[in-house]
Every structure is written in C-alpha cells, then in structure tokens.
Amino acid sequence: LVRSRISPELDTIDPPARSRDDRRTAFAIYHVGALIVAPLFVALISLVVAVTALAYNTWRNETTEEQRNVRHASFRVLESLGELQQVVDFRYYYLPFGEHAGAEGELRISGFGHVAMIRDLTMLMPEPGPSAGEELHRQWLERFGALDDLQESGSHTAAATAAEREITRAIAETREAVLEVLQRLD
C-alpha cells in the first residue's frame, strides 16, 4: 500500500492521485490482459470439449463392442440350442442303439459339445443367460443317459420320458433367457 499523504483532520490515508497517464496504463494493461486471456479461454473451452468428446466416443465404442460380443454369442447359443434339441429328439425318438452303437457315441459327444458351448457362451452374457446355461448343463449331465431307456415292450421308461421332458424344458428356458438378453440390448 502506497501512502501519499496523511490527512491530520481525518486521520486517514488518501490514495495517491492518479494522473491521466496512469489511467491509460492501467486501461492498456487490462486490455492487453484481456487480449491474452481471451484466446486462452477459447483454447481451454476447446480442450474441455475435445476431452469430453473423446471420453464419450471411447465409452460408446466399448459399449458397442460389448453388445456386439453378446449379440454374436447369443446367436451362436441359439444355433447350438437347436442342434442340441435335434440330438435329444433323435436319441429319444429314433435310435434303438442295439445295432447303432457308433451313432450313440456320436450323439453323446455331439450333445456334450453343444451343452459345453452353450454353457460357456452364456457366461459372456448378462443375467438370465448364465443361470439358464448352467441349468441346461446340469440337466444334461443328470439325464442324458436315460434318454434311450426302453422297456422290454419297446416303449420308453418313465425315466426316459422325464429326461426328454426336462432337457427339452431346459433348452426352451435357455432359449427364452437368450432372447430376453437380446431384447435388452440397445
């Protein structure tokens, strides 16, 4: 603080008197500062807009990629569900394995392959996909061996009928879960 004069009657400090040149200098400094700050302000706003746009674009690309992966996995699961249903139906309805032992082995391996792929791909999806895939896998492991059980009369046993019904139900529930996941995608 610059003290120029002390007034004895008021006992205060008066500001220094400013000349016209002092005011011009202050005005010039203000305008030069404004001329310097204005482009910097525009640059700062541009930087904020660019960073925000980059962040949004990155987020959108990651979301799109995640949804593309879920969509692709869903279509593969739906294909495998159809193929697994064919294995179940063929094994239950068409094969008495007495003379077709090779076909039985092929169907078992094919069925296990489809069930494993379905379980693994549903793990990449949001709920209810993973739980439906796990339930299908569990039903298959518990019941696939009973699909071709026949009585002496040639008709299916109660265990075979229950196995076919439960595996088919699990396939249908997995299909519904996958379709629900697909419908929730943006």
Side-chain angles (χ1 to χ4, degrees), residues 47-186:
L47 181 65
V48 167
V49 168
V51 168
T52 303
L54 179 65
Y56 174 78
N57 190 30
T58 301
W59 170 80
R60 190 67 203 150
N61 284 340
E62 288 176 3
T63 302
T64 300
E65 182 66 23
E66 180 181 333
Q67 290 182 355
R68 185 178 296 127
N69 291 341
V70 169
R71 193 173 287 114
H72 181 71
S74 297
F75 292 136
R76 291 287 295 151
V77 167
L78 290 172
E79 287 174 16
S80 291
L81 286 168
E83 292 168 359
L84 181 62
Q85 186 65 57
Q86 288 177 342
V87 168
V88 169
D89 291 344
F90 194 73
R91 188 168 171 147
Y92 180 75
Y93 292 109
Y94 298 111
L95 278 187
F97 290 118
E99 67 264 7
H100 302 291
E104 177 186 8
E106 186 178 319
L107 284 176
R108 283 178 185 252
I109 291 170
S110 177
F112 272 107
H114 290 305
V115 168
M117 178 182 280
I118 290 166
R119 183 193 58 194
D120 293 346
L121 288 177
T122 55
M123 292 301 158
L124 300 175
M125 298 177 193
E127 282 297 331
S131 59
E134 281 294 326
E135 174 63 17
L136 174 62
H137 187 258
R138 188 181 65 75
Q139 289 292 336
W140 178 260
L141 290 178
E142 289 177 7
R143 301 180 186 272
F144 84 95
L147 282 172
D148 58 350
D149 287 350
L150 298 175
Q151 297 174 353
E152 288 183 21
S153 65
S155 62
H156 289 287
T157 63
T161 303
E164 188 274 333
R165 191 177 325 113
E166 288 302 313
I167 293 173
T168 299
R169 180 194 54 76
I171 291 171
E173 287 177 359
T174 304
R175 182 176 288 112
E176 289 173 15
V178 170
L179 291 174
E180 182 181 332
V181 167
L182 279 172
Q183 288 173 350
R184 281 198 239 151
L185 294 178
D186 291 338

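Just so you know, these numbers come straight off a predicted model, no measurement behind them.
Contact between Ser80 and Met117 at its shortest, heavy atoms only, is OG-SD, 3.4 Å. Minimum heavy-atom separation, Arg108 to Phe144: NH1-CE1, 2.9 Å. Nearest approach of Val87 to His114, heavy atoms of both residues: CG2-CD2, 4.3 Å. Between Ser131 and Pro128, the shortest heavy-atom contact is OG-O, 3.1 Å. Of all heavy-atom pairs between Thr52 and Val48, the closest is OG1-O, 2.8 Å. Of all non-hydrogen atoms in Ala159 and Ala146, the two that sit nearest each other are O-CB, 4.0 Å.
The salt bridge (charged side-chain N to carboxylate O under 4.0 Å, His left out) check on Glu79 picks up Arg76, with sequence neighbours excluded. Under the rule for a ring pair (Phe, Tyr, Trp, His ring centres under 6.0 Å), His137 has no partner lying at least two apart in sequence or in another chain.
In Glu66, the CD atom is not crowded: 12 or fewer heavy atoms of neighbouring residues, nucleotides or ligands sit closer than 6.0 Å.
Checked against Glu135 for a salt bridge (Lys or Arg N to Asp or Glu O under 4.0 Å), the options Arg169, Arg119, Arg143 give a single hit: Arg169. If you run side-chain contact (heavy atoms from CB on, under 4.5 Å) between Val181 and each of Glu127, Met125, Glu176, Arg71, only Met125 comes through. Results of the side-chain contact (heavy atoms from CB on, under 4.5 Å) test with Ile118 over Leu121, Asp120, Thr122 single out Thr122 as the only residue that passes.
In this structure, CD in Gln139 is found 11.5 Å from CZ in Arg165, a value given to the nearest 0.5 Å. With rounding to the nearest 0.5 Å, the separation of CG in Leu182 from CD in Gln67 is 10.5 Å. Taking CZ from Arg91 and OG from Ser110, the interatomic distance works out to 11.0 Å, rounded to the nearest 0.5 Å.
Looking at Thr174, its side chain does come within 3.5 Å of a backbone N or O of Ala132 through a donor-acceptor pair. Listed for the Thr168 side chain is a donor-acceptor partner under 3.5 Å among the backbone atoms of Glu164.
Here the side chains of Leu141 and Phe112 are in contact, with some heavy-atom distance below 4.5 Å. For the pair Ile171/Leu136, a side-chain contact is recorded, criterion being any heavy-atom separation below 4.5 Å from C-beta on. Counting heavy atoms from C-beta on, the side chains of Trp140 and Leu84 come closer than 4.5 Å.
Among pairs with a residue in residues 53-65, those fulfilling side chain to side chain donor-acceptor pair (under 3.5 Å) read Glu65-Arg68, at least two apart in sequence or across chains.
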Worked check of salt bridge (charged side-chain N to carboxylate O under 4.0 Å, His left out) between Glu180 and Arg184:
CA-CA 6 Å; Glu180 182 181 332; Arg184 281 198 239 151; 2.7 Å; yes
